[in-house]
Peer 1: 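Let me give you the structure first, and then I'll get to my questions.
All values below were derived from every heavy atom in this structure, side-chain atoms included, with hydrogens, water molecules and symmetry-related copies excluded.
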Amino acid sequence: ITETAGERVIHHRTDRGDLTARWQLGPDGDWWQVEYPVKTAEDLPAVQRLIEARRYELQPDALAAAREAVGDDGVVALELPMRPYSDVLHTVLGWGEGLALLLGEGRPVIEVMLTVLEERLAALTAEIAALPGDLLLGPDNLDGQYISPRAFRQYLDASYRRTAEIARAHGKPFVVHMGGPARRLLPLLAQAGISGVEGIAGPPQGDATLSEAREAAGAGLTLWGGIPQDYLLAERTEAEFEAAVQEAVEQAHGAGS
């Protein structure tokens, strides 16, 4: 790993080839990934090695401090790894060329990687769900611009159903993070047994107001959010922010969100 004030580079060396991933420090102070380990199909055997070598380590000792910090005013969320489909595309493939590889010549190797991660996630979820916490959180950053209903059914549905079943067995809600347009995915998440979706927002961030999201999701799915993050930008006035909040409140009352 090499890092400067504005750039971080991670070099991976495997017996199947070398890989490089790169991040740049964004204007929001967070690291933005600008280069993925996989550039062509020739990189897939090496990245498969990385996936096979991945290990997870629980840190339950931090939960007591988290409970004390939130008290009665918050919840202790037990965060899971990303769904394998989201994880692989977010971290090693990218949603451009990587998605093209999944739909083309790279599909056999990528699906093997997804299977490996799914098996580990299932075992890990049972361990995490048994910990003292209020809910399970899937930080999957779902985005309907990139995930079609067909892709959801093929790569995400069974995974979500397994986790939802484990969560119910431990008496915990299972909440999934949404990071973009949600309308087409909400009914599928509801059918998979998800308890709630966090990150619901209307335009310009998302593609559904709270009322429209409630209509798409049905009555059984908790919708968490309602205010597009764009209204927190410096370019927006305080009056515009207050109007967005008021609209969200009115829609929440009207739609039972």
Peer 1: Are Leu117 and Leu101 in one and the same hydrophobic cluster, where Ile, Leu, Val, Met, Phe, Trp and Tyr link if side-chain heavy atoms are under 4.5 Å apart?
Peer 2: yes
Peer 1: Taking only residues two or more places apart in sequence or in another chain, which ones pass side chain to side chain donor-acceptor pair (under 3.5 Å) with Arg184?
Peer 2: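 By the side chain to side chain donor-acceptor pair (under 3.5 Å) rule, Arg184 matches no residue at all.
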Peer 1: Any link between Val70 and Ile128 through a network of hydrophobic side chains (Ile, Leu, Val, Met, Phe, Trp, Tyr) touching at under 4.5 Å?
Peer 2: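 Cluster IDs for Val70 and Ile128 match.
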Peer 1: Start with the C-alpha gap between Val76 and Leu135, add the side-chain angles, then the distance that decides, and say whether side-chain contact (heavy atoms from CB on, under 4.5 Å) holds.
Peer 2: CA-CA 7 Å; Val76 174; Leu135 58 84; over 6 Å; no
Peer 1: If the condition is side chain to side chain contact (heavy atoms under 4.5 Å, CB included), which residues does Arg168 pass it with, not counting sequence neighbours?
Peer 2: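 In terms of side chain to side chain contact (heavy atoms under 4.5 Å, CB included), with neighbours along the sequence ignored, Arg168 is linked to Ala164, Glu165.
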Peer 1: Going only through I, L, V, M, F, W and Y residues with side-chain contacts under 4.5 Å, is there a path from Val245 to Ile200?
Peer 2: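 Not linked; separate clusters.
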Peer 1: Determine whether a donor-acceptor pair (N or O, by modelled atom type, separation under 3.5 Å) exists between the side chain of Ser195 and the backbone of Pro173.
Peer 2: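 Such a contact is absent between Ser195 side chain and Pro173 backbone.
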Peer 1: Could you measure the distance from the CD atom of Gln33 to the CZ atom of Arg8? Nearest 0.5 Å is fine.
Peer 2: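 It is 10.5 Å, given to the nearest 0.5 Å.
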Peer 1: For Glu42, does the CD atom sit with more than 12 other heavy atoms under 6.0 Å from it, leaving out its own atoms?
Peer 2: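 Incorrect, the count does not exceed 12.
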Peer 1: If you look at every heavy atom in Gly226 and Ala248, which pair is closest and at what distance?
Peer 2: O-CB, 3.6 Å
Peer 1: Could you walk me through whether Gln246 and Glu242 satisfy the side-chain contact (heavy atoms from CB on, under 4.5 Å) test, starting with their C-alpha distance in whole Å, then the side-chain angles of each, then the deciding distance to 0.1 Å, before giving a yes or no?
Peer 2: CA-CA 6 Å; Gln246 184 61 39; Glu242 291 178 351; over 6 Å; no
Peer 1: Could you give the distance from CG (Leu131) to NE2 (His170), rounded to the nearest 0.5 Å?
Peer 2: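 Spacing of CG (Leu131) from NE2 (His170) equals 9.0 Å.
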Peer 1: Output all residues satisfying ring-ring contact (aromatic ring centres under 6.0 Å, His included) with His177, sequence neighbours left out; order by chain, then residue number.
Peer 2: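 Partners of His177 under the ring-ring contact (aromatic ring centres under 6.0 Å, His included) test: none.
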Peer 1: Who are the side chain to side chain contact (heavy atoms under 4.5 Å, CB included) partners of Ala217, not counting sequence neighbours?
Peer 2: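 With sequence neighbours excluded, Ala217 shows a side chain to side chain contact (heavy atoms under 4.5 Å, CB included) to Leu186, Arg214, Leu221, Leu223, given in chain and number order.
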Peer 1: Which residues pass the side chain to side chain contact (heavy atoms under 4.5 Å, CB included) test with Leu232, sequence neighbours left out?
Peer 2: Phe241
Peer 1: Identify the two heavy atoms, one from Ala46 and one from Thr14, that lie closest to each other, and give their separation to 0.1 Å.
Peer 2: CB-OG1, 3.6 Å
Peer 1: Evaluate the ring planes of Phe152 and Tyr160, with Trp represented by its six-membered ring, and classify them as parallel (under 30°), tilted (30 to 60°) or perpendicular (over 60°).
Peer 2: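 Correct class here is parallel.
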Peer 1: Is there a path of hydrophobic side-chain contacts, each under 4.5 Å between heavy atoms of I/L/V/M/F/W/Y residues, joining Val92 to Leu156?
Peer 2: yes
Peer 1: Kindly indicate, with the supporting measurements, whether the criterion side-chain contact (heavy atoms from CB on, under 4.5 Å) is fulfilled by Glu212 and Gln251.
Peer 2: CA-CA 9 Å; Glu212 293 166 341; Gln251 290 195 20; over 6 Å; no
Peer 1: Is the closest basic N to carboxylate O distance between Asp15 and Arg49 below 4.0 Å?
Peer 2: yes
Peer 1: Remaining members of Leu25's ILVMFWY cluster at a side-chain heavy-atom cut-off under 4.5 Å?
Peer 2: Ile1, Ile10, Trp23, Trp31
Peer 1: Should we count CD of Glu215 as having more than 12 external heavy atoms under 6.0 Å?
Peer 2: no
Peer 1: For Gln48 and Arg16, what are the C-alpha separation, side-chain angles and deciding distance, and is it a side-chain contact (heavy atoms from CB on, under 4.5 Å)?
Peer 2: CA-CA 9 Å; Gln48 184 179 354; Arg16 295 180 180 177; 3.6 Å; yes
Peer 1: Looking at residues at least two apart in the chain, or sitting in another chain, which of them share a side chain to side chain contact (heavy atoms under 4.5 Å, CB included) with Arg22?
Peer 2: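 In terms of side chain to side chain contact (heavy atoms under 4.5 Å, CB included), with neighbours along the sequence ignored, Arg22 is linked to Glu7, Val9, Thr20, Val34, Glu35.
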Peer 1: Going from CG on Leu89 to CG on Leu114, what distance comes out if it is rounded to the nearest 0.5 angstrom?
Peer 2: 8.0 Å
Peer 1: Kindly state each residue pair satisfying side-chain hydrogen bond (donor to acceptor under 3.5 Å, both in side chains) with at least one member in residues 119-137, sequence neighbours excluded.
Peer 2: Arg67-Asp134
Peer 1: Once salt bridge (charged side-chain N to carboxylate O under 4.0 Å, His left out) is applied, what residue pairs with a partner in residues 81-105 remain, sequence neighbours excluded?
Peer 2: Arg54-Asp87, Arg83-Asp140
Peer 1: Test of understanding: with side chain to side chain donor-acceptor pair (under 3.5 Å), list the residues that count as partners of Asp61, not counting sequence neighbours.
Peer 2: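 With sequence neighbours excluded, Asp61 shows a side chain to side chain donor-acceptor pair (under 3.5 Å) to no residue whatsoever.
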Peer 1: As an exercise, state the distance from CG of Asp230 to CD of Glu235, rounded to the nearest 0.5 Å.
Peer 2: 10.0 Å
Peer 1: Check whether Leu142 and Leu80 end up in the same hydrophobic cluster, where Ile, Leu, Val, Met, Phe, Trp and Tyr are linked by side-chain heavy atoms less than 4.5 Å apart.
Peer 2: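 Leu142 and Leu80: one cluster.
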Peer 1: Rest of the hydrophobic cluster containing Tyr36 (Ile/Leu/Val/Met/Phe/Trp/Tyr, side-chain heavy atoms under 4.5 Å)?
Peer 2: none
Peer 1: Could you work out, with ring-ring contact (aromatic ring centres under 6.0 Å, His included) as the rule, every residue matching Tyr155, not counting sequence neighbours?
Peer 2: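 Checked Tyr155 against ring-ring contact (aromatic ring centres under 6.0 Å, His included); matches are Tyr85.
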